[in-house]
Amino acid sequence: MSRLFLYLLIAYVIYSLLKPYIVSRKIKSRGPQQPAGDEEEMVFDPQCQSYLPKKDAISRGDKFFCSEECAKLYLSR
């Protein structure tokens with residue numbers, strides 16, 4: 001019975017030592033990570049000539065602006 005315990009202990013120690021190597025190989029073999037799908041839609045501000053996340057933009061008709069000031073300047077033309 002003590003031999004069985006000793007063999008199990010040796011097997012566990014070997015497994016514990018090799019586990020980080022095995023896990024790192026699995027991660028590397030997966031290839032490049034795909035985006036998580038949480039990209040934000042970007043919109044163009046015609047006044048500033050820049051892009052910004054749609055959730056942060058101010059919408060005026062079919063145009064998007066980064067601030068009220070940009071919207072006022074652009075729409076006053």
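Hydrogens, waters and symmetry mates are skipped; everything else that's a heavy atom, side chains included, is used. Just so it is clear, the structure is predicted and the values come from calculations on it, not from any experiment.
Residue pairs that meet the side chain to side chain donor-acceptor pair (under 3.5 Å) test with at least one member in residues 48-65, sequence neighbours left out, are R60-E68.
Between F65 and L52, the shortest heavy-atom contact is O-CD1, 4.1 Å.
The OG atom of S67 sits 8.0 Å away from atom CG of L73, with the distance rounded to the nearest 0.5 Å. Between Y74 atom OH and C48 atom SG the span is 12.0 Å, to the nearest 0.5 Å.
At least one side-chain heavy atom of Q47 sits under 4.5 Å from a side-chain heavy atom of R77.
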Fill in: Working for side chain to side chain contact (heavy atoms under 4.5 Å, CB included), residues F44 and F64
CA-CA 6 Å; F44 184 71; F64 294 93; over 6 Å; no
Practice prompt. Applying side chain to side chain contact (heavy atoms under 4.5 Å, CB included), run through D45 and C70 and close with a yes or a no.
Written response: CA-CA 8 Å; D45 180 342; C70 284; 3.9 Å; yes
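Linking Ile, Leu, Val, Met, Phe, Trp and Tyr residues whenever their side-chain heavy atoms come within less than 4.5 Å leaves F5 and V13 in two separate clusters. Clustering ILVMFWY residues whenever any of their side-chain heavy atoms sit less than 4.5 angstrom apart, transitively, puts I14 in the very cluster that holds L6.
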